[in-house]
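Below is one structure; the comments refer to it alone.
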Number of protein chains: 2
Amino acid sequence: MSASPPGAREAALPALAEVFREHGYAGASLALLGARAGLGKGSLYHAFPGGKEEMAQAVLDAIGAWFAAEIYAPLRDDPDPRAAIRRMLVETGAYFRSGRRVCLVGALALSDERDRFATRIAGYFAEWRDALADALGRAGRAQAADLAEDAVLAIQGGLVLARALDDADVFARLLDRLERRLCDPP
Amino acid sequence: MSASPPGAREAALPALAEVFREHGYAGASLALLGARAGLGKGSLYHAFPGGKEEMAQAVLDAIGAWFAAEIYAPLRDDPDPRAAIRRMLVETGAYFRSGRRVCLVGALALSDERDRFATRIAGYFAEWRDALADALGRAGRAQAADLAEDAVLAIQGGLVLARALDDADVFARLLDRLERRLCDPP
DNA sequence: GTCTATACAGCGATAGAC
DNA sequence: GTCTATCGCTGTATAGAC
C-alpha cells in the first residue's frame, strides 16, 4: 500500500527510457537505471516489483502512448491527411533527435530480448504502418499499404545508417525524401 | 608457436558470427561461443588472444570480405550494372535468410558497443552505399547517391521491421520494391 | 518508502595440468 | 593445443534496518 507520490513511477519513466535507449536492455544495469532516475534500488523495486523487465514494459507502454497520441491519432483523424503526414515527419525528426537518438523499439526487435517484448514491439510498428496507410489512402494514394510499410521501415533504417556512419544528415536527408515521396501529388 | 590446423581460426568464424548475430555482442558469452564453435575456452583464447573483442573484430572482417567479394566488387566491375544490382538483391535476400537473420553490423551500430567497432561498421555501410551508387551512375540514373543511400538504409529497416512483426514477407516485399526502384528504366 | 548489506549466479579472463 | 579450475568482478534480486 501506501501513498508514494502518486506519479513516482511515471516520473521515473523518461530517465529509465533513456538508459534503455543508450545501453540496450541487457546493458541497462539496475545501478545505471537507479542513478539516472535518482532512486536507490529499494525505491526502484518498490515502484517496479517486477524488476527490470517491468521497467522496460512500462517504458514501452509510455512510448506507445506518446506515439499513439502525437502521431497515429492525427494520421487517422486529421481531415487533412497530408498535413498529418508532414506532422509525423517533423515529430519523428524531433523525437529521434535528427537521428542521434536510437529507437528503443527497433533496437529491441533486433536483440535477443525480442520475444520477451514481442507484443509491444509488433504493436508499435503495426499501428504506425496502419495509421500511415490510412492517411495515405485518404490522400488518394494508390498502394497506400506498400508505401506506408516502406516509409516506416525506412525510418528505422535511417536510424541504423545515421548511427553507423555517425552522420545525422543521413536521417535528415531521408526525412526530406519521405516528404516528397509521401506528400507530393502522385 | 605451433601448428594448429592452419585454419582453426577461420574455421570457427562462421559459428562465432552466428552467436553474435543471435545474442548480440554483450549476450554472446564465451560459454556460448565456445560451445557453438566446438572449442573450450583454452582453445578459443589460443586462437583469439584478445578475447571476445578480437573474435568480434575477426567476424566483422570476414563479413566485410564476403560482401566485398560477392556484392561490392560486382557492383563496381560488372559491365552490366543492372545485372549486378539484381545480383546484389538476390544475394542479400539469401544472406539474410529472407529477413529471418539479423544483420550483425546493423545491430552493433544500434548497440552501445558501437564505438568499439565504429571503423568497421562505418566502412561496411559506406562501401556498400558507394559501390551501389557507382553501379546506379553507370546505369545512367540521376541522383545515384541519394538512391543508393536510400536502398542501403531500406535493407536495414526491412530487417528491423521483419523481425519486429515476425513476418519475413516484409523483407521479401521490400526486395521486390527495390528491384523496381533500382532496375526499372528511370 | 528508502536505504545498505548481502545472497547467489554468471561473466571475461587467466593459470596450470596434461 | 586443449582442457578444467579458479580468480575477481558485476549482474539481478532480496532482506531487513530505519
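Letters A, B, ... are given to chains in the order of the sequence lines, protein chains preceding strands, and every chain is numbered from 1. Just so it is clear, the model here is predicted, and its values are computed rather than measured.
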N/O donor to acceptor pairs below 3.5 angstrom from side-chain atoms of residues 93-101 of chain A, sequence neighbours left out:
residue, atom, partner, partner atom, Å
A:Tyr95, OH, A:Arg21, NH1, 3.1
A:Arg97, NH1, A:Ala94, O, 3.4
A:Arg101, NE, A:Glu18, OE1, 3.4
A:Arg101, NH1, A:Tyr95, O, 3.0
A:Arg101, NH2, A:Glu18, OE1, 2.9

What is the distance, to the nearest angstrom, from the CG atom on B:Leu44 to the P atom on D:dT2? 10 Å

Taking all atoms of both residues into account, what is the closest heavy-atom pair of A:Pro74 and A:Glu70, and its distance? CG-O, 3.4 Å

Residue from A:Arg181, A:Arg173, A:Arg180 passing salt bridge (Lys or Arg N to Asp or Glu O under 4.0 Å) with B:Asp150: A:Arg181

Are B:Glu22 and B:Arg36 close enough for a salt bridge, meaning some N to O gap below 4.0 Å? yes

Heavy-atom contacts, protein to nucleotides 11-18 of chain C, under 4.0 Å, summarised as B (base), S (sugar-phosphate only) or - (none) per nt, yield SSBB----

If we check side-chain contact (heavy atoms from CB on, under 4.5 Å) with A:Leu153, which of these qualifies: B:Leu165, B:Leu161, B:Leu159? B:Leu161

Parallel, tilted or perpendicular: which one describes the rings of A:Phe67 and A:Tyr72, with boundaries at 30° and 60°? tilted

Starting at NE2 of A:His46 and ending at P of D:dT12, how long is that distance when rounded to a whole Å? 20 Å

If I take atom CG in residue A:Leu32 and atom P in nucleotide D:dA13, what distance separates them, rounded to the nearest angstrom? 15 Å

Close approaches to DNA chain C from residues 108-116 of chain A, in residue order (heavy atom, under 4.0 Å): none

Please say which of A:Arg86, A:Arg141, A:Arg138, A:Arg76 ends up in a side-chain contact (heavy atoms from CB on, under 4.5 Å) with A:Pro81. A:Arg138

Which atom pair, heavy atoms only, marks the closest approach of B:Val170 to B:Gly158? CG1-O, 4.4 Å

